[in-house]
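Quick notes on the structure that follows.
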Amino acid sequence: MSVTHTTARLHTRWIDDTVGIITVHGELDASNSAAFADRVDESAAAGTQLVVDLSSLEFFGTAGFSALHTINVRCANASARWAMVTGEAVSRLMRVCDPDHTLPVVDSIPEAIELLDGEPRRLLQLVAEPS
């Protein structure tokens, strides 16, 4: 299924019943980042594993980065695992905005699928468990 927003084109394909790949082309900015996050949220509800392919984006603004954090929270709430493939535009902003690598970034779709097939990502533990 393809959807076009003002400056971004999103396409979702399912490689099986549980793994979806959302590919985004064009520009992700304040005009379409909320719709992008909502689209990923809809797909997270439909499956358990998502690959968000941002490697073809020509522009990635700070609103897009905020959308990625929203996606991270929504996927955690839906018990959906996800990983994103970055390109030059996204990597540039990630180096500045996510220096601790808290978001699940990989270099390719096969690497993303391999990550999703592996052990679940451990979430940060904010409170120590009692002994």
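When reading the values below, keep in mind they use all heavy atoms of this one structure, side chains included, and skip hydrogens, waters and symmetry mates.
Annotation: salt bridge (Lys or Arg N to Asp or Glu O under 4.0 Å) contacts involving residues 94-114, sequence neighbours excluded, are absent.
Among all heavy-atom pairs drawn from Val24 and Ala8, the shortest one is CG1-CB, 4.2 Å. Annotation for Cys97 and Pro99: closest pair C-CD, 3.4 Å, computed over non-hydrogen atoms. When all heavy atoms are compared, the tightest approach of Thr7 to Ser31 is OG1-OG, 4.0 Å. Residue Gln49 comes nearest to Trp14 through the heavy atom pair O-CZ3, 4.4 Å, listed as atom of the first residue, atom of the second, then distance. Closest approach of Leu57 and His25 over heavy atoms only: CD2-C, 3.9 Å. The two residues Asp29 and Asn32 come nearest to each other via the heavy atoms N-OD1, 2.9 Å.
Atoms CD and OG1, from Glu42 and Thr12 in turn, are 8.5 Å apart once rounded to the nearest 0.5 Å. Leu54 contributes atom CG, which lies 8.0 Å from atom OG1 of Thr86 (distance to the nearest 0.5 angstrom). Distance check: Phe59 CZ to Arg92 CZ gives 9.5 Å after rounding to the nearest 0.5 Å. Here Trp82 contributes atom CH2 and Ile22 contributes atom CD1; the two are 10.0 Å apart, rounded to the nearest 0.5 Å.
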Criterion side-chain hydrogen bond (donor to acceptor under 3.5 Å, both in side chains) on Arg13 and Thr23, from CA distance to verdict: CA-CA 8 Å; Arg13 66 184 167 103; Thr23 304; 5.3 Å; no

Given the rule in the side-chain contact (heavy atoms from CB on, under 4.5 Å) test, do Met84 and Ile71 qualify, once you have shown the distances and angles that lead to the verdict? CA-CA 11 Å; Met84 81 174 118; Ile71 289 165; over 6 Å; no

Please determine whether salt bridge (Lys or Arg N to Asp or Glu O under 4.0 Å) holds for the pair Asp38 and Arg74, giving the CA-CA distance in whole Å, both sets of side-chain angles, and the decisive distance to 0.1 Å. CA-CA 9 Å; Asp38 290 344; Arg74 289 178 179 177; 3.0 Å; yes

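Between Phe65 and the choices Thr70, Leu28, Leu93, the side-chain contact (heavy atoms from CB on, under 4.5 Å) rule is met once, by Leu93.
Legend: residues meeting side chain to side chain donor-acceptor pair (under 3.5 Å) with Asp41, ordered by chain and number and at least two apart, are absent.
Other residues, nucleotides and ligands contribute more than 12 heavy atoms inside 6.0 Å of the CG atom of Asp16.
Linking Ile, Leu, Val, Met, Phe, Trp and Tyr residues whenever their side-chain heavy atoms come within less than 4.5 Å places Ile15 and Ile109 in a single cluster.
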